[in-house]
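Beneath this line is the structure, given in structure tokens, with notes to follow.
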Amino acid sequence: MELRGPVVAVEEPRTVSTRNGSRDVAEVTMRPGRGEEPPVTVSLWGSWAETAESLVTGMTVLVTEPSQEEFRGETRYATTAESYVVIEPEFMVNVTDIREWVQCSRQYYLSKFTGASLSYPLVKGSLVHEVFGDLLRGRDLETSVEERVADAGLKLGLLDRDRTAVVEDVRSNAQAIERWLQQGTLTEDDEWRSELTLISETFGIKGRADAVRRGGPVELKTGKNTDAEPRFKDKVQATCYALLLGEHGQTPETGTLLYTKNAVLDRTEETGDLSPAKEFSISSGLLQFVVRARNELVAMEFDSSVPTGYESNAICEYCFEQDTCMVVSGRLDQESKAGAVGTALPAAEREYFDRLYRAAEAERREIHREYAKLWTQSAAERAADDKALLDLQPQERSQRANGTWELRAENDDTTAVSKIREGETVLASDGHPTRGDTELARVVRLRTSTDGTTEIVVHADEPIELRRLDVYPSDYGINGLLTAVHDSVLKGAQRRRDLLFGRRDPTFGETDATFIDNNAAQNRAVELAVTAEDCALIHGPPGTGKTYTLAQTVRALCERGERVLLSAFTNRAVDNALEQLREQGFTDFVRIGTEHGVSDSMQDARLDYRGDPEERAATLRNAPVVAGTAATCGSPVLKECAFDVAIVDEAGQLTEPDTLAAINLADRFVLVGDHEQLPPVVRDDDSALQTSLFERLIDRYPDAAVTLDKQYRMAQRIQYFSSQTFYDGQLRPASPAVAGQQLSELPTVSHEALPSALQDAVAFVDPDGTATGNVNRTEAERVAEIVDAYRSAGVPADDIGVIAPFRAQVAEITRRVSPDITVDTVDRFQGSDRSVIIVSFVATGTLDSPIFEDRRRVNVALTRAKKALCLVGDERALRSDPFYERMLEWAQS
DNA sequence: CCTCTGCCCAGAGGA
């Protein structure tokens with residue numbers, strides 16, 4: 001039994017005398033049943049009274065195993081010896097965060113923006129952990145060490161480490177583990193499981209245990225510890241996993257910590273029986289302690305306040321982060337137990353940091369809310385929301401060369417739609433993502449064959465029965481945002497900050513060179529980029545040759561001996577830019593990205609991290625051009641690199657921190673984009689992250705910007721509405737040929753064969769359908785008929801694209817057209833084009849979905865078409881809004 | 001009432 005719901009009132013804790021002596025108690029009023037039931041009073045006894053001090057009205061509180069008694073006709077509840085009190089159980093805290101918080105609340109805070117740096121102890125720690133996993137999966141030690149060290153080649157090279165020495169170092173740690181595993185500890189009832197993903201819906205904690213043996217957590221530490229007891233924070237970590245294992249039906253009484261360096265000392269110093277393994281007993285007091293620590297952390301995050309360090313008992317003099325801690329306190333004018341050094345940054349910088357910090361944390365809370373839906377939603381609800389694939393039939397399981405598993409399954413449900421795509425990380429389970437046997441897995445194949453069955457292949461650490469896949473809502477990227485803001489504000493050069501905070505206009509040098517002789521705006525763009533002493537902004541409306549201009553810019557900069565970072569929001573845009581460079585005869589670049597993210601044609605340029613350290617690092621360090629998405633620019637590897645100029649494409653779609661991650665790596669920068677197309681996508685509706693740096697700077701420094709005004713894509717008739725509505729009529733066809741292009745120019749097309757309704761370059765069709773939710777069946781059928789009409793008139797399938805605002809409608813249309821027709825959402829169509837574009841608006845009666853509010857989305861949809869555009873929708877709905885009415889008048893004119 | 005893309009996930013250590 002449990003009580004879960006919002007807090008209505010909290011009383012101050014008081015001390016009362018009971019039969020067993022004096023005890024603290026605090027009374028909390030809350031509404032159980034997630035707020036559906038009338039308020040009840042719960043007495044929080046003993047140390048839970050401390051948690052009451054963190055409770056605020058409006059928070060959700062969860063009390064497990066309460067006692068219940070009737071008192072004067074009123075039901076009263078109280079905590080029992082078995083109870084836990086959990087604040088905001090939907091806020092998912094990582095086990096490592098609790099470990100850090102217990103060590104020092106301020107260290108937890110600092111690690112949000114300093115955590116992901118490249119250091120040898122960390123790389124080595126990861127290597128030893130990987131080898132440990134391999135050993136548990138039965139892999140040979142020598143092979144594992146060699147392979148894992150080879151995989152880390154680039155990182156080791158950037159750290160100037162010698163391969164042989166690292167192999168020796170990792171091997172000696174791993175041998176300690178192997179000897180311990182062989183020392184009779186491996187009995188028949190020894191059941192091992194490595195790398196177990198644990199998610200607790202009761203405690204709001206998630207994490208990954210290194211290993212579980214006989215139901216108890218085993219944590220590996222690469223350091224040494226010759227004390228009798230494990231370090232407290234290590235015990236806290238293991239206890240967290242014990243708590244989570246408890247929810248999965250196991251009640252471990254002991255935890256094990258493996259300090260591998262103990263055994264290394266043992267061997268080299270002949271100190272006798274100094275075992276690497278230290279066991280400790282997991283008491284209920286310790287279990288409750290970790291929950292209280294989590295509660296404190298969550299209470300702090302609830303109002304986005306900043307920890308001072310006084311929340312924990314750490315001694316600052318012993319802390320490795322003391323200097324960083326004091327600098328951050330000094331620069332941001334924060335109260336801190338460690339004290340502060342340096343002078344505070346200008347108020348503008350501090351306000352900016354604060355604003356983006358809060359925005360990033362709000363985003364994290366939204367992700368956590370999504371996370372909680374893993375268990376608050378039923379399987380059917382999740383499937384309906386496209387977030388899960390259910391009822392998969394498990395097929396064969398095979399162990400891969402590195403000891404991990406390839407799991408296969410089939411799905412017969414031909415109507416199943418989901419957001420899950422190849423290359424993504426998902427929760428793979430045997431039935432339920434938090435209650436069943438679950439593995440974090442990577443989707444390597446998701447293909448639907450012509451008979452409608454879907455083949456699913458994932459890679460995971462353990463051979464579970466693959467019956468269900470769930471979207472994994474990761475908050476992984478949030479700390480990346482915070483790191484970028486931190487690096488920019490606290491570590492950025494004065495000149496750069498003056499620019500970002502509007503205190504200094506960008507300046508430009510001079511050049512006599514001509515770069516592009518047939519397009520003045522493009523030439524001006526390259527000129528601005530090449531002469532920029534701070535930044536240049538290139539505004540590229542649809543079809544204006546952004547990619548060509550960008551490639552010319554890269555080449556011009558390289559010819560001047562500059563080192564260039566080439567970045568973009570999507571992998572596709574990065575690869576497009578590189579293709580364009582190749583077409584222009586430039587091939588001296590290195591592509592950074594995952595095998596899955598990089599297009600097939602660019603795999604040969606992709607930097608493999610595996611190999612000889614020195615050679616790998618030299619390849620990266622010596623490349624005149626390095627290319628990768630903005631997200632990778634914040635990675636530890638790229639943070640080791642420096643550039644003269646960063647060029648960022650699709651900058652209008654990047655949040656400000658994401659853009660900062662890229663430009664932090666360079667002295668100067670060039671942003672390329674269009675703020676009249678799609679903005680950054682964020683979960684929180686009123687987020688400060690919704691405005692891109694590109695948009696902010698183009699408003700602030702119009703003189704540093706140039707707009708490419710000639711478009712090479714659309715017929716005059718098609719581009720007119722977009723040009724008038726979004727570009728002040730400044731967007732013009734690049735040539736008469738572009739302006740006057742017609743569908744009949746395609747060799748196979750007969751204009752006469754088109755129905756009269758489709759003969760105009762811009763057409764409107766009202767199929768008179770009815771929308772149910774995000775689907776309009778009649779309209780989907782009509783769209784399929786229109787596709788057929790174009791096909792019958794001779795338009796090749798790959799010249800036709802269909803766009804709909806909702807994924808559900810996309811699926812509805814996809815089922816009705818042949819598979820070689822591209823059907824997609826607006827967002828996924830940005831950046832590409834087709835001769836013929838058909839847009840399905842879905843809505844009938846009114847336009848009440850917020851998706852119609854952002855006009856920029858319409859701009860993207862309409863400007864994908866080159867020769868013919870067909871709008872399909874409900875005339876009444878579209879006329880209900882002045883913007884769409886104008887669009888309709890243009891289409892019908 | 002809704003769209004989307006990136007990140008391998010989370011954690012790897014020091015005293």
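Within every chain, numbering begins at 1; the chains are lettered A, B, ... in the order of the sequence lines, protein sequences first and strands thereafter.
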Open item on the list: Using a heavy-atom cut-off of 4.0 Å across all strands, would you classify A/Pro680 as base, sugar-phosphate, or nothing?
Closed with: nothing
Sequence neighbours excluded and cut-off under 3.5 Å, please list the side-chain donor-acceptor pairs for residues 652-660 of chain A, or say none.
residue	atom	partner	partner atom	Å
A/Gln653	OE1	A/Gln830	NE2	3.3
A/Thr655	OG1	A/Asp658	N	3.3
A/Thr655	OG1	A/Asp658	OD2	3.0
A/Glu656	OE1	A/Arg696	NE	3.1
A/Glu656	OE2	A/Tyr352	OH	2.8
A/Glu656	OE2	A/Arg696	NE	3.2
A/Glu656	OE2	A/Arg696	NH2	2.7
A/Thr659	OG1	A/Thr655	O	2.9

TODO: Assign A/Lys233 to base, sugar-phosphate, or nothing according to its heavy-atom contacts below 4.0 angstrom with the strands shown.
DONE: base
TODO: Please list all pairs passing the salt bridge (charged side-chain N to carboxylate O under 4.0 Å, His left out) test where one or both residues lie in residues 312-323 of chain A, with sequence neighbours left out.
DONE: none
- [ ] Tell me, please, which residues at least two apart from A/Tyr241 pass ring pair (Phe, Tyr, Trp, His ring centres under 6.0 Å).
- [x] none
Open item on the list: Less than 3.5 Å apart, any donor N or O on the side chain of A/Asp475 or A/Tyr371 sitting next to an acceptor on the other?
Closed with: no
Open item on the list: Counting the atoms with a prime plus P, OP1 and OP2 as sugar-phosphate, which does A/Tyr318 contact under 4.0 Å by heavy atoms, base, sugar-phosphate, or nothing?
Closed with: nothing
- [ ] Only counting residues at least two apart or in another chain, list the ones meeting ring pair (Phe, Tyr, Trp, His ring centres under 6.0 Å) with A/Phe232.
- [x] A/Phe289
Task: Rounded distance in Å between the C1' positions of B/dC8 and B/dA12 - done: 15 Å
Task: Contact nearer the 5' end of DNA chain B, comparing A/Glu321 with A/Gly207 - done: A/Gly207
- [ ] Check side chain to side chain contact (heavy atoms under 4.5 Å, CB included) between A/Thr570 and all other residues, then give those that pass, not counting sequence neighbours.
- [x] A/Arg572, A/Ala573, A/Glu650
Open item on the list: At 4.0 Å (heavy atoms only), tell me whether A/Val95 reaches a base, stays on the sugar-phosphate, or touches nothing.
Closed with: sugar-phosphate
Task: Check: A/Ser567 side chain, A/Ala630 main-chain N or O, donor-acceptor pair, under 3.5 Å - done: yes
Open item on the list: Does A/Lys419 reach a base, just sugar-phosphate, or nothing at all? Heavy atoms under 4.0 Å.
Closed with: nothing
Task: Between A/Asn479 and A/Arg364: side-chain donor-acceptor atoms closer than 3.5 Å - done: yes
Open item on the list: In terms of relative ring orientation, are A/His675 and A/Phe694 parallel, tilted or perpendicular, with 30° and 60° separating the classes?
Closed with: tilted
TODO: Have a look at A/Thr594 and say if it touches a base, only the backbone sugar-phosphate, or nothing, with a 4.0 Å heavy-atom cut-off.
DONE: sugar-phosphate
- [ ] Would you please say whether a donor-acceptor pair under 3.5 Å links the side chains of A/Arg148 and A/Ser144?
- [x] no
Would you list the atom pairs, donor with acceptor, under 3.5 Å between side chains in residues 844-851 of chain A and any protein atom, with sequence neighbours excluded?
residue	atom	partner	partner atom	Å
A/Thr844	OG1	A/Ala771	N	3.0
A/Ser849	OG	A/Ile851	N	3.3

- [ ] Between A/Arg231 and A/Thr96, just flag the one whose closest nucleotide in DNA chain B comes earlier from the 5' side.
- [x] A/Thr96
TODO: Please determine if A/Asp487 and A/Lys639 form a salt bridge, counting it only when a charged side-chain N lies under 4.0 Å from a carboxylate O.
DONE: yes
TODO: Please identify each residue that fulfils ring pair (Phe, Tyr, Trp, His ring centres under 6.0 Å) with A/His459, with sequence neighbours left out.
DONE: none
Task: 5' to 3' contact window, DNA chain B with chain A (heavy-atom distance under 4.0 Å) - done: B/dC1 to B/dA15
- [ ] Pick base, sugar-phosphate or nothing for A/Gln322, based on heavy-atom distances below 4.0 Å to the nucleic acid.
- [x] nothing
- [ ] Grab the two heavy atoms, one from A/Gln809 and one from A/Asn774, that are nearest each other, plus how far apart they are.
- [x] CB-O, 3.6 Å
TODO: Identify whether any heavy atom of A/Phe232 sits under 4.0 Å from a base atom; if not, whether one sits that close to sugar-phosphate; answer base, sugar-phosphate or nothing.
DONE: nothing
TODO: Mind listing the residues from residues 842-857 of chain A sitting with a heavy atom below 4.0 Å of DNA chain B? Number order is fine.
DONE: A/Ser849, A/Pro850, A/Ile851, A/Arg857
- [ ] Just jot down the ring pair (Phe, Tyr, Trp, His ring centres under 6.0 Å) partners of A/Phe320, sequence neighbours excluded, or say none.
- [x] none
Open item on the list: Base, sugar-phosphate or nothing for A/Arg572? Non-hydrogen atoms, less than 4.0 Å.
Closed with: nothing
Open item on the list: With rounding to the closest Å, how many angstrom separate the P atoms on B/dC7 and B/dT3?
Closed with: 22 Å
Task: B/dC2 versus B/dG6 - spacing of their P atoms, nearest Å - done: 23 Å
- [ ] Under 4.0 Å between any heavy atoms, over every strand shown, what does A/Lys206 touch: base, sugar-phosphate, or nothing? Just pick one.
- [x] sugar-phosphate
Open item on the list: Does A/Tyr120 reach a base, just sugar-phosphate, or nothing at all? Heavy atoms under 4.0 Å.
Closed with: nothing
TODO: Report which part of the nucleic acid A/Asn571 touches: base, sugar-phosphate, or nothing (heavy-atom distance under 4.0 Å, all strands).
DONE: sugar-phosphate
TODO: Convert the base pairs of DNA chain B into dot-bracket notation, remembering that pairs crossing earlier ones are written with [ ] and that bases paired across to another strand are shown as |; include only Watson-Crick or G-U pairs under 3.5 Å.
DONE: ...............
TODO: Within residues 824-832 of chain A, find the residues that approach DNA chain B with a heavy atom at under 4.0 Å, and present them sorted by residue number.
DONE: A/Thr825, A/Asp827, A/Arg828
